[in-house]
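Presented below is the structure to which this report refers.
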Amino acid sequence: MADGSASREASARAAAQDAASPHTPAQSAAGSPAAVRTTITVPDSVSMVALLGSADELVRLVEAEVEADIHVRGNEIAITGLPADNAFAVRVFDELIALLGTRQELRPDSVRRVIAMLKSGGSERPADVLSLDIISRRGRTIRPKTLNQKRYVDAIDANTIVFGIGPAGTGKTYLAMAKAVQALQTKQVNRIILTRPAVEAGERLGFLPGSLSEKIDPYLRPLYDALHDMVDPESIPRLMAAGTIEVAPLAYMRGRAQPYDATVLTPNGFMPIGSLQVGDLVIGSDGTPTPVLGVYPQGTKLVYRVTTQDGASTLACGEHLWTVATPDDRRRGTTRTLETQEMTGNLRWSHAHRYELPLVEAVEFEPQEVPLDPYALGLLLGDGCLTTATTPSFSTADPELVVALESALDGIVVRHTAGPDYVLHHVNGGRGGLRIANPVTEAVRELGLAGTRSETKFVPWVYSHNSAEVRTALLQGLLDSDGGPVPQRGRTCRIQYTTTSARLRDDVMFLVRSLGGLVTSRTRPAAGRRPGLALGRPVHHRHDAHILDIRLPAGTQPFRLERKRRRYDATGGGRPMRFIQSIEPVGEQETMCIQVAAQDSLYVTDDFLVTHNTLNDAFVILDEAQNTTAEQMKMFLTRLGFGSKIVVTGDITQVDLPGGAQSGLRIVREILGDIEDVHFSNLTSADVVRHRLVGDIVDAYERWDATRQPASARPAAGAPVRTSRPRRQGS
């Protein structure tokens, strides 16, 4: 910067003047250095009023700290004192001139900090430390004010997890909040999460007056105050309503939970969440397996049933997280993350659903060998006879399906018998006087389908939990036989499928949802239905009919039959969309939560609903961390998601945990001290940015505590000790 270089030139000239000065005697008569005179010429670009302060306040402050006489005439500053004091004073004025070059206003506080940093002997220039802007709002800029604070801020930039440990007033939380707002404004993160433990410190929360929010707010007030200093207060309610900023007690952070009997999709099918262990695989939103990183029991909580418009539902507690898109989000191509309780009572946007949930992509189960072609099995489940009392048969009015079935079955000829009926003849069934079993009959028996009828058919597990290709082919066979496109004027085409088997209905719903589709079900009771006609005779309905309305994602072709495919492709199937229909409390249950390794932290729960409970793309601040237990600290740190940062702040000398519980902040350095990308920043009384007395109070308490400690508890020789700031002259 121009002013900085000018000030350094001034310092060089001052040093040259010292070297040439006739007032530089080597020694006094007593052998000690004699006073010398040094002159500094201040560049014309620097305001002398700004440098000297009101009524020369800043000059007198420097004079008191360096123990030298300072006189000012015009733009020249004359310093008379010992050579070392003169050199130090030159460095002080050099840094002050550099600070003025950054258009900062000099105050007594900033002058004291420049002097303190120069006395500490660090390599960083005070002007560089004090001119590091983090954020600005309404003409006010937030910057670090001490060398340790700058190192703390730099550590937040360079590391994923940072611990800021030090006494009150050192700016731990305030600077972390500034970095969080900066990260949000520069779109490095999508949300800010602020939390602190609500330790009762002598008063029981249950006996405090007011609602739960009113009881909790005093514990969170410091976070609110810092937030209002950095963000437009009028925008804070909007940001909090959108989930962009979340302020909550630490207990709420661990509350993203589901009941033990809620199911989670794994490569082996749906399993109760309560049976999962660390290392188990679950299915993520992209349809691929992802390992479980953590399993955390959450105790008894009030849970809600979250139901979507297609009839899917699951149970979750009020703090459980959901990734959703509102109409505004869809227009912008974004999503937001909300808690269950945030959406309750707010599920409609005018007459439309407000919250859309993401759909899982086609799930990739482990590929397995199957005894029968999946498309052929789909046709036989729809229009085949699988009783095995006779040769397997098939009924259809579409010759195209006969050809497709025959080509899919090796060694089988599909022969016409009468009307729409065909028999699946084994070409090598009789050889040398021996009868060879029909391979279709053998496969049907192997799959457990032998003897099933229309009302009892089902999809074998080896097909429903197979690769996406196998499941798609099976679904195409089912839809070509018992399904069809339903065009709608001015709208995209949906698909309808009908079966009398309740089990097959559920299996088809599983297939559709596992392929990223949407399906709704309704039932037409047999009782009271008008009978059909066969050859003029009434045929009464003996079983209920289950009708499925299906939407499949783009790129998934539901039909192979030409006439159905052409009709479907004429308008396309549109985009499947799943919306939250209702959220209803169902009572208290034992709950637990899991953490998964998926990049978006999403996993698949009941009915292929996509949900999650870790924190991605977030800047998370845990304040007053000395009041967390070791278990709470572990729980909090393992919430870390992809693209996130965590800053933990606290003062290990002010632990308010009841009953002598061990502070998680006191032991976390021993546990995580050697882990890469985790940094510990220590702030001391020298970094206090409140009233000057606060630092003196901290030092006094430390000296008092040291005298009360037994010798065995004092730091061993060579052990690191927290240093206090240098004592000022005249204090």
Side-chain angles (χ1 to χ4, degrees), residues 1-48 50-53 56-102 104 106-131 145-148 150 686 723 725-731:
M1 64 187 73
D3 291 332
S5 61
S7 65
R8 286 190 288 275
E9 291 174 6
S11 299
R13 289 196 301 273
Q17 290 174 8
D18 283 339
S21 173
H23 303 285
T24 314
Q27 299 285 332
S28 69
S32 59
V36 298
R37 185 172 181 271
T38 304
T39 302
I40 300 174
T41 302
V42 179
D44 294 336
S45 58
V46 176
S47 166
M48 292 300 293
L51 178 62
L52 304 179
D56 292 343
E57 176 186 20
L58 303 182
V59 173
R60 290 199 303 272
L61 180 59
V62 175
E63 189 176 34
E65 293 286 353
V66 301
E67 297 184 351
D69 292 328
I70 300 175
H71 299 278
V72 180
R73 178 172 294 177
N75 67 336
E76 289 190 350
I77 301 175
I79 306 169
T80 304
L82 298 179
D85 291 331
N86 286 15
F88 185 77
V90 169
R91 292 180 62 198
V92 171
F93 280 108
D94 187 41
E95 296 299 326
L96 296 180
I97 292 171
L99 276 175
L100 288 173
T102 63
Q104 291 194 51
L106 291 184
R107 299 176 181 275
D109 181 68
S110 56
V111 173
R112 291 191 189 96
R113 299 195 185 285
V114 167
I115 294 171
M117 279 185 263
L118 289 175
K119 285 184 176 180
S120 69
S123 58
E124 292 93 340
R125 291 191 61 197
D128 294 337
V129 173
L130 297 177
S131 60
K145 295 185 177 180
T146 69
L147 182 56
N148 276 342
K150 181 180 183 295
T723 58
R725 61 181 175 181
R727 187 170 179 81
R728 293 185 298 274
Q729 293 290 331
S731 61

Mind checking side chain to side chain contact (heavy atoms under 4.5 Å, CB included) for Ala84 and listing every partner two or more places apart, or none if nothing turns up? none
dist Met48:CE -> Arg73:CZ (nearest 0.5 Å) comes out at 12.5 Å
So which atom in Leu100 and which in Ser47 form the shortest heavy-atom distance, rounded to 0.1 Å? CD1-O, 4.3 Å
List the atom of Ala78, the atom of Arg37, and the distance in Å for their closest heavy-atom pair. CB-NH2, 3.5 Å
Side chain to side chain, Ile70 and Phe93, heavy atoms closer than 4.5 Å: yes
Can you name the closest pair of heavy atoms from Asn86 and Thr38 and give their distance? ND2-OG1, 3.1 Å
With Ile77, the side chain to side chain contact (heavy atoms under 4.5 Å, CB included) member among Val90, Val62, Val42, Thr39: Val42
Heavy atoms of Ala89 and Ile79 approach each other most closely as CB-CD1, 3.6 Å
Using only atom types and a distance under 3.5 Å, with no angle test, would you say the side chain of Asn75 pairs donor to acceptor with the backbone of Thr41? no
Salt bridge (charged side-chain N to carboxylate O under 4.0 Å, His left out) involving Lys145 - partner list, sequence neighbours excluded: none
